[in-house]
Amino acid sequence: LRVSDNGLGIDMEKFGDKLFGLHKTFHAHEEARGVGLFLIRTQLESMGGSIRAESTVGKGTTFIIRFG
């Protein structure tokens with residue numbers, strides 16, 4: 001499954017290793033808590049799946065999900 005947006009994008013060189021960490025945020029949004037991607041990753045991995053991201057700053061992000 002591939003899910004893409006055309007949002008702000010994420011600097012993967014700078015934040016790629018932290019992307020799915022707990023309480024990690026990469027943009028200054030008031031409501032961001034840094035929990036969503038962490039929960040998705042832990043749930044997928046517990047079922048034998050995986051998630052990864054490709055992103056370009058200013059163009060958006062694509063999440064690639066593989067189900068186990």
Side-chain angles (χ1 to χ4, degrees):
L1 174 67
R2 295 174 67 91
V3 179
S4 299
D5 67 30
N6 60 351
L8 299 173
I10 300 166
D11 184 339
M12 296 300 282
E13 286 188 30
K14 188 173 182 181
F15 300 118
D17 62 331
K18 298 175 178 91
L19 186 60
F20 297 99
L22 183 58
H23 299 296
K24 301 297 181 191
T25 58
F26 309 102
H27 299 293
H29 292 293
E30 279 184 34
E31 298 179 18
R33 300 291 179 253
V35 177
L37 291 175
F38 172 80
L39 290 174
I40 290 169
R41 186 194 70 189
T42 56
Q43 291 298 305
L44 280 166
E45 287 178 353
S46 74
M47 296 183 292
S50 65
I51 184 170
R52 65 182 181 90
E54 299 171 349
S55 189
T56 303
V57 175
K59 293 190 176 184
T61 305
T62 298
F63 291 95
I64 299 95
I65 299 167
R66 294 189 181 272
F67 299 95

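We number each residue from 1, following the sequence as shown.
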Test Leu8 against His29 for side-chain contact (heavy atoms from CB on, under 4.5 Å), laying out the working first.
CA-CA 11 Å; Leu8 299 173; His29 292 293; 3.9 Å; yes

Using a strict threshold of under 4.0 Å (side-chain N to carboxylate O), is an ion pair present between Glu31 and Arg33?
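Result for this pair is no, no salt bridge flagged.
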
Can you establish whether the number of heavy atoms outside Asn6 located under 6.0 Å from its atom CG is more than 12?
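Counting neighbours around CG of Asn6, 12 or fewer heavy atoms of other residues, nucleotides or ligands fall under 6.0 Å, so no.
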
Is there a donor-acceptor pair closer than 3.5 Å between any side-chain N or O of His27 and the backbone N or O of Ile10?
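No; zero donor-acceptor contacts below 3.5 Å.
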
Which pair of heavy atoms, one from [X] and one from [Y], lies closest together, and at what distance?
| X | Y | result |
| --- | --- | --- |
| Ser55 | Gly60 | OG-O, 3.1 Å |
| Ala53 | Thr61 | CB-CG2, 4.3 Å |
| Leu19 | Leu37 | O-CD1, 3.8 Å |
| Arg2 | Glu54 | NH2-OE1, 3.7 Å |
| Gly34 | Thr25 | N-CG2, 3.6 Å |

With rounding to the nearest 0.5 Å, note down the distance linking [atom1] in [X] to [atom2] in [Y].
| X | Y | atom1 | atom2 | result |
| --- | --- | --- | --- | --- |
| Ile40 | Phe63 | CD1 | CZ | 7.5 Å |
| Arg66 | Ile51 | CZ | CD1 | 12.0 Å |
| Thr62 | Arg52 | OG1 | CZ | 9.5 Å |
| Asp17 | Lys24 | CG | NZ | 9.5 Å |
| Leu1 | Ile64 | CG | CD1 | 10.0 Å |

Out of curiosity, does Met12 fall in the hydrophobic cluster containing Phe26 (side-chain heavy atoms, cut-off under 4.5 Å, transitive links)?
yes

Please find out if less than 6.0 Å separates the ring center of Phe20 from that of Phe38.
no

